[in-house]
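Report on the following structure.
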Amino acid sequence: MTRNQSTELPLIDMRSDTVTRPTPAMRRAMFEADVGDDVFGEDPTITKLEETAAARTGKEAALFVSSGTMANLVSLLTHTTAGDELLVGDRAHIVRAEAGGVSRLGGVLATTLPNQPDGGFDPELIPGAVRPDDMHQPRTTLLALENTHNFCGGSVVSLERTEEIAGVAREHGLRVHLDGARIFNAAVASGHSVAELAAPADSVAFCLSKGLGAPVGSLICGDEAFIREARRTRKLVGGGMRQAGILAAAGLVALDQMVDRLADDHANARQLARGLAELGFDINPEDVQTNIVIVQLDSSHDPAPSPKLQAALKELGILVTTPDRTKIRLVTHADLSSDECAAALLRMAEAEIGPAL
């Protein structure tokens, strides 16, 4: 295990589920993958992955891309034209962590609606946000949801909530895209299938390289006409890959072997939340639904406490991220065990790390 140079304690990495490394089965599959030129449609492993992804999401077709950000970008650009307007939550990954790509590259205005704690937003806000048919205003054409919702603490947007929001969007002529980067976490936590959760959306994107543990890749899924156009958009943004079946092979293993174990990550996240609550942090373990734990810190005496806590934890060999200057985020994943979660909490208790830091 990697060791912290200053403390000589084994590093416990809770920054993200993206830090996972490919399993031995993935490495074997990558080594043995049958490949071809995917831009010419000749990579059999990518074709199999795309067919598998379409079946799992209940869509007609799928497209393999390099990352979650590219999956959302290609989807949004395919759904819109320059000058259109996108409605999206104000805490959505699309607007907070994707470099403004849809605006910079697509000329699309992203108008935000306030996210609620469950990661959704009030559907009653949609009619007032849709622009009238007026040449002075952009056309509102697309609404984006996120499930699970990263910056709402890995919350699961329920199927009923998704159906309600998407239904109102459609009544007003909008298409719906679902950023399902962690939709398999949502499925495991909710008991609904991925296909059920994705059904209200015209398109859905999900990541292989987060909780599913593959080293690279995401899938965009939708109807055949949409995916055909998305393939053109992928080329536009430089996303065409050649013998990328070596990457797709790991994705097939991820979908086959890594879904059910997501429940372990969720249990470990609740373990962390309980321990943090015992240390005095303001967190309710019952609010933790999947593999993300976000802790709101007391900023009454320090307007920016999270960088200091992050630095103190790093000295203990515990790596976390800071969504903003008053929060820390801890993420459980396949390479983080229950014992390591317990060890992190013990280090914090012994060092008297708490909200009053």
Side-chain angles (χ1 to χ4, degrees), residues 1-2 11-27 53 56 65-72 91-94 96-98 119 146-157 178-190 194 197 204-219 247 250-273 276 287-295 310 313 318-323 327-341 343-344:
M1 184 179 293
T2 307
L11 279 181
I12 300 174
D13 196 340
M14 301 182 182
R15 290 173 298 173
S16 177
D17 43 12
T18 61
V19 303
T20 55
R21 286 176 280 193
T23 64
M26 290 179 189
R27 292 176 185 270
R56 295 291 287 268
V65 297
S66 64
S67 70
T69 294
M70 180 175 281
N72 281 333
R91 285 188 273 176
H93 194 274
I94 286 170
R96 292 191 55 172
E98 297 184 9
E146 183 176 335
N147 199 11
T148 65
H149 200 290
N150 188 339
F151 293 109
C152 289
S155 57
V156 177
V157 184
L178 176 58
D179 173 4
R182 295 181 175 89
I183 196 169
F184 284 87
N185 292 87
V188 168
S190 69
V194 168
L197 293 173
V204 59
F206 71 85
C207 288
L208 298 166
S209 57
K210 294 185 169 69
L212 299 182
V216 177
S218 289
L219 277 300
L247 305 175
L252 284 166
V253 174
L255 289 174
D256 183 53
Q257 299 182 8
M258 302 294 283
V259 174
D260 291 343
R261 60 146 308 281
L262 292 173
D264 296 336
D265 296 343
H266 301 174
N268 290 342
R270 289 189 290 272
Q271 173 189 355
L272 282 173
L276 291 166
D287 291 337
V288 176
Q289 296 179 280
T290 57
N291 68 323
I292 297 175
V293 180
I294 293 182
V295 183
Q310 181 186 38
L313 292 174
I318 303 168
L319 303 183
V320 302
T321 57
T322 56
K327 298 182 182 74
I328 61 167
R329 186 185 80 152
L330 307 87
V331 183
T332 56
H333 50 80
D335 287 354
L336 181 71
S337 68
S338 174
D339 288 345
E340 287 174 304
C341 293

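If you're wondering where the values come from, they're calculated on a predicted model, not measured in any experiment. Numbering starts at 1 and runs along the sequence shown.
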Mind checking whether [X] and [Y] have side chains closer than 4.5 Å, heavy atoms only?
X: Val331; Y: Lys210; value: no
X: Leu208; Y: Ser218; value: no
X: Met70; Y: Ser67; value: yes
X: Leu330; Y: Val295; value: yes
X: Val288; Y: Thr290; value: no
X: Leu11; Y: Leu319; value: yes
X: Met26; Y: Met258; value: yes
X: Asn147; Y: Asn185; value: no

If every non-hydrogen atom of [X] is compared with every non-hydrogen atom of [Y], which pair is closest and at what distance?
X: Ile12; Y: Ala343; answer: CD1-CB, 4.0 Å
X: Gln289; Y: Gly154; answer: CB-O, 4.3 Å
X: Thr69; Y: Ala97; answer: OG1-O, 4.4 Å
X: Asn268; Y: Cys341; answer: CB-SG, 3.9 Å
X: Leu219; Y: Ala53; answer: CG-CB, 3.5 Å

Between [Y] and [X], do the side chains contain a donor N or O and an acceptor N or O under 3.5 Å apart?
X: Arg96; Y: Asn150; value: no
X: Gln271; Y: Ser338; value: yes
X: Asn291; Y: His333; value: no
X: Glu146; Y: His93; value: no

Distance in Å, [X] [atom1] paired with [Y] [atom2], rounded so as to fall on 0.5 Å steps:
X: Gln310; Y: Thr321; atom1: CD; atom2: OG1; answer: 7.0 Å
X: Leu197; Y: Ser190; atom1: CG; atom2: OG; answer: 4.5 Å
X: Ile183; Y: Thr148; atom1: CD1; atom2: OG1; answer: 9.5 Å
X: Leu212; Y: Leu262; atom1: CG; atom2: CG; answer: 5.5 Å
X: Asp287; Y: Ile294; atom1: CG; atom2: CD1; answer: 11.5 Å
X: Ser155; Y: Ile292; atom1: OG; atom2: CD1; answer: 8.5 Å

Chi angles and distances behind the side-chain contact (heavy atoms from CB on, under 4.5 Å) call for Ser209, Val216: CA-CA 5 Å; Ser209 57; Val216 177; 5.8 Å; no
ring-ring contact (aromatic ring centres under 6.0 Å, His included) involving Phe184 - partner list, sequence neighbours excluded: Phe206
Are Asp13 and Leu336 close enough, and set up right, to give a side-chain contact (heavy atoms from CB on, under 4.5 Å), and what steps lead you there? CA-CA 7 Å; Asp13 196 340; Leu336 181 71; over 6 Å; no
Restricting to pairs with a member in residues 252-264, which pass side-chain hydrogen bond (donor to acceptor under 3.5 Å, both in side chains), not counting sequence neighbours?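 Pairs touching residues 252-264 that pass the test: Arg261-Asp265.
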Backbone N or O of Arg15 within a donor-acceptor pair of the Arg329 side chain at under 3.5 Å?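 Yes: the side chain of Arg329 pairs with the backbone of Arg15.
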Intermediate values then yes/no, side-chain contact (heavy atoms from CB on, under 4.5 Å), Asp335 and Glu340: CA-CA 10 Å; Asp335 287 354; Glu340 287 174 304; over 6 Å; no
Go through the steps to decide whether Arg91 and His149 satisfy the test side-chain contact (heavy atoms from CB on, under 4.5 Å), and finish with yes or no. CA-CA 9 Å; Arg91 285 188 273 176; His149 200 290; 3.9 Å; yes
